[in-house]
J.: 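Could you have a look at this structure, given as structure tokens, before my questions?
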Amino acid sequence: MDPRTLLSTDHECQVKHIAGGCYYHFGVTDALMTELNSACDLNELIDTLTLHVNIDGLPLSRSSAVHLWPILGRIKELGNSNVFLIGLYSGTSKPSSVHEYLKEFVDELKVVIQEGLHFNGKHYKIAAPEAFICDAPERAFLKCVMGHSGYNGCECCIQTGVYVSGRMTYPDLTAELRTDSQFEEMVDEDHHTGVSPLKDLGVGLVTSFVLDYMHLVCLGAVRKLLYLWIKGPMKCRVSASVLSLVSQQMASLRLNIPKTFSRKPRSLFEVAMWKATEFRLFLLYTGPIVLRKNVPHNLYKHFMLLSVARRILLSPDLCLEFCEYANQLLQVFVENSAKIYGPEFIVYNVHGLIHLAQDARKCGPLDQISIRKLK
Ligand SMILES: [Zn+2]
């Protein structure tokens, strides 16, 4: 009837009832062993394994309120590492306690970091996770800090946000940067909402929480720019005739987009339906062509600051050598954003761009630490 009949697989799973839902812990050790077993490109020189961790909620179906909150991992040193499941929470809302939700994960990982792992006669050290790759609400949840719309919401620098036109903005581009030790000592009291359970792992709660460029750039700054051009205040808008011309040129590129891109370019007037990958295609490839000579020169130059900076930070060849240059481009982009589009444009996602280069400096090309890599 089924392989489960033959193998007498358990039909029941011992879940724990925690934080308002159910949780099952698959285990870090088991996941790492399975991953090492299936690794065909395991370099003999590797003796330390580093985890990248992703936590995010996803609906189980459209017709129910039940959500899953998996704890996912991958091994940085294995180029083609699979994404594996460490723990799985299910409930009708977010776990009510981050301490209960992460308890088994933290407890087990502490032991694994301390003792390492034996595989095929070799001892591997397990480093504390290098990067937690999550979107902004999850980062705030895991770190126990203010959300991205709070006055002290920037995770990388110490500044009090300013409320402009109903939006929280972070206008200061030179504010003092947060450090792991300051975070641990809770120097900026207004930033914290509690003590994170991840503190026990010895990870840097500032430097290990990378900003996800998919949300920050693709679904953040680029989408915001296009919305302003299409339906923003009059001072930000691009004329309908120019938008039509740009859309036509994008449609004409459809035949020339290689199959490696999952989606073809489409009209700017359909931007509400664009996926993150379409914003990426626009920012890096089609935008620089179709906007040139069409949109006003100052808008084009401003757009290109972001495009070139992203190109550098995503490229394994350029990322480290030109990281500081990309950082300068992003600083100028954000500075000029306020001049062109007004101070209300410098919301969390746009302000966060000035902190992106430091993640690339630590972890390498941003594609390696993107949520896209973990989906
Ligand atoms: Zn900041």
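Atoms within a ligand are numbered from 1 in the order they appear, just like the ligands themselves. Atom set for the values below is all heavy atoms of this structure, side chains included, hydrogens, waters and symmetry mates excluded. For the single chain, residues carry numbers from 1 onward in sequence order.
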J.: Apply side-chain hydrogen bond (donor to acceptor under 3.5 Å, both in side chains) to D2 and list each qualifying residue two or more places apart in sequence or on a separate chain.
T.: R4

J.: Are H302 and Y341 close enough, and set up right, to give a ring-ring contact (aromatic ring centres under 6.0 Å, His included), and what steps lead you there?
T.: CA-CA 11 Å; H302 182 246; Y341 300 108; 5.7 Å; yes

J.: Would you please indicate if the ring centroids of F303 and F282 are separated by under 6.0 Å?
T.: yes

J.: Once the angle between the rings of F279 and W274 is folded into 0 to 90°, is it parallel (under 30°), tilted (30 to 60°) or perpendicular (over 60°)?
T.: tilted

J.: Can you say whether the rings of H351 and Y170 are parallel (under 30°), tilted (30 to 60°) or perpendicular (over 60°)?
T.: tilted

J.: Count up the protein N, O or S atoms sitting under 2.8 Å from the Zn ion (ligand 1), would you?
T.: 4

J.: Output yes when a side-chain donor or acceptor of Y151 lies under 3.5 Å from a complementary backbone atom of Y163, and no otherwise.
T.: no

